[in-house]
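Side chains are part of it too, since the values below use all heavy atoms of this structure and drop only hydrogens, waters and symmetry mates. Indexing begins at 1, ligand by ligand and atom by atom, following the structure's order.
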Amino acid sequence: MVCLGNICRSPMADGLLRKKVAEAGLSVEVDSAGTSSYHIGEAPDKRMRETARKFGVSIDELRARQFVQSDFDAFDLIYAMDESNYQNMLRLARTNEDESKLKLILNEIHPGANMNVPDPYYGGDQGFVDVYNMLDEATSIILEKIR
Ligand code: 4NP
């Protein structure tokens with residue numbers, strides 16, 4: 001799960017899918033990263049942590065890291081939260097196989113629509129709830145695909 005800062009959207013997606021995978025008893029590695037270096041080592045944004053907690057998801061233990069080229073080797077599916085993150089990772093892809101791992105997460109809900117998970121960082125509290133709801137729906141679809 002990849003966004004820009006790895007402190008808002010991708011930690012929420014990570015926490016949601018991690019929880020669903022665990023509840024389904026699957027052995028699937030879930031992780032998240034940001035394409036920027038801005039927040040490396042930081043815990044998720046307090047507002048995102050509070051929203052997650054309200055819905056019973058824990059993201060408190062996550063720490064931001066930057067997406068690296070070797071993530072293409074470590075993971076089978078790489079979900080970008082928006083088009084910009086997608087393009088940032090596409091520039092790091094070495095092969096067609098790397099490129100084929102890249103997905104826009106909201107295309108799971110609206111195939112081919114190339115919609116973005118809006119960055120809630122500079123907005124109000126409702127933005128965080130909206131992000132939670134979008135990612136809850138998308139991660140449920142992903143779970144059904146990988147189970
Ligand atoms: P995220 O949100 O990409 O969902 O983690 C952001 C957090 C911080 C910044 C941008 C987006 N920032 O520019 O600091």
Residue, atom name and distance, where the atom is the protein heavy atom closest to [atom]:
atom                    : result
atom 1 (P) of ligand 1  : Cys3 SG, 3.5 Å
atom 13 (O) of ligand 1 : Tyr122 OH, 3.6 Å
atom 2 (O) of ligand 1  : Asp119 OD1, 3.2 Å
atom 4 (O) of ligand 1  : Arg9 NE, 2.8 Å

Compute the shortest N/O to N/O distance between [X] and ligand 1 and return yes if it is under 3.5 Å, no if not.
X      : result
Ser10  : no
Ile7   : yes
Cys8   : yes
Tyr38  : no
Tyr121 : no

Could you establish whether His39 and ligand 1 come within less than 4.0 Å of each other, counting only heavy atoms on the residue side? yes
Suppose I only count heavy atoms of Gly5 and a 4.0 Å limit; which atoms of ligand 1 are within that range? 1 (P), 3 (O), 5 (O)
Strictly distance-based, threshold 3.5 Å: is any side-chain N or O of Gln69 a donor or acceptor partner for the main-chain N or O of Leu92? yes
Are more than 12 heavy atoms, taken from residues, nucleotides or ligands other than Tyr38, located less than 6.0 Å from that residue's OH atom? no
Are more than 12 heavy atoms from other residues, nucleotides or ligands located less than 6.0 Å from atom CD of Gln126? yes
For Phe67 against Thr35, the heavy-atom pair lying closest together: CB-CA, 4.5 Å
At what distance, to the nearest 0.5 angstrom, does CE of Met1 lie from CG of Asn85? 12.5 Å
So, applying side-chain hydrogen bond (donor to acceptor under 3.5 Å, both in side chains) with Asn6, which one of Ser36, Ser37, Ser32 is it? Ser32
Basic-acidic side-chain contact under 4.0 Å: Arg94, Glu99: no
So is Arg9 actually on top of Tyr121's ring, under 6.0 Å and inside 45° of the axis? no
Short version for Asn85: what comes under 4.0 Å of ligand 1, heavy atoms counted, is neither
